[in-house]
Amino acid sequence: KNQVEQSPQSLIILEGKNCTLQCNYTVSPFSNLRWYKQDTGRGPVSLTIMTFSENTKSNGRYTATLDADTKQSSLHITASQLSDSASYICVVCTNQAGTALIFGKGTTLSVSS
Amino acid sequence: DAGVIQSPRHEVTEMGQEVTLRCKPISGHNSLFWYRQTMMRGLELLIYFNNNVPIDDSGMPEDRFSAKMPNASFSTLKIQPSEPRDSAVYFCASSWDRGRGPPDTEAFFGQGTRLTVV
């Protein structure tokens, strides 16, 4: 069964600290893996998209890694800011067109001052 | 571009009533998706259109749900009759599907419609 599991479910960190969110997947076939940020009351916004051959991709203070052998991905946030407080959703795409998406349930990050 | 526009932002209705959610995708995008998000199940794909044609509706939960895309700039998701368990946030997203090439097509989401059925 295609599944995307994220950990931790929630996380609280102090402003300025780094954190790493985890995503494990059992999805086949694999096309690409995406990380989305969803602010409260808003729709998800794409942070990174990685294909099978990519090990790491950065978007500002966000860096995503992908290990296709172990089927694991991580999202590292550097020097966290209050605006990073959101839900972070890992999504695995199983088709070339990018339309068959398996969503994780997300990690809720709270950054406090 | 204003992005994906959904209306209404909030809808409260009584059980048994018909509910229609609306979506305007980003101009030029040829793929449109309807998703439902709940605390218990997270985000779930309901239906996907490509070039205004429904391609995959396997996520539509029941016959009470129907979706249309009469043209490239408008889509509706209808629930009739609505039930309390339909309460969720419904998202519309759009993207450009090249059909071939690198599978890195990004989907842009609207702000969602929060539906409450009482």
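Fair warning: this is a prediction, and the values are worked out from it, not measured in the lab. FYI, side chains are in, hydrogens and waters are out, and symmetry mates aren't considered; it's all heavy atoms of this structure. Quick note on labels: first sequence line is chain A, next is B, and so on, each numbered from 1.
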Toward chain A, the part of [X] with a non-hydrogen atom under 4.5 Å:
X: B:Glu44; answer: neither
X: B:Tyr35; answer: side chain
X: B:Leu43; answer: both

Between B:Ser31 and B:Asn50, do the side chains contain an N or O donor and an N or O acceptor separated by less than 3.5 Å?
yes
With a 4.5 angstrom heavy-atom cut-off, is it the side chain or the backbone of A:Ile89 that approaches chain B, or both, or neither?
side chain
Let's go through B:Tyr90 and B:Val19 carefully: what are the C-alpha distance in whole Å and the side-chain angles of both, what is the deciding distance for side chain to side chain contact (heavy atoms under 4.5 Å, CB included) to 0.1 Å, and is it a yes or a no?
CA-CA 12 Å; B:Tyr90 290 81; B:Val19 175; over 6 Å; no
How about CZ on B:Arg114, more than 12 heavy atoms from neighbouring residues, nucleotides or ligands closer than 6.0 Å, or not?
no
Taking atom CZ of B:Arg41 as the centre, report whether more than 12 heavy atoms of other residues, nucleotides or ligands fall under 6.0 Å from it.
no
Among A:Lys105, A:Gln38, A:Arg42, the residue with the most heavy-atom pairs under 4.5 Å to chain B is A:Arg42
Compare every heavy atom of A:Val4 with every heavy atom of A:Cys23, then report the nearest pair and how far apart it is.
SG-CG1, 3.5 Å
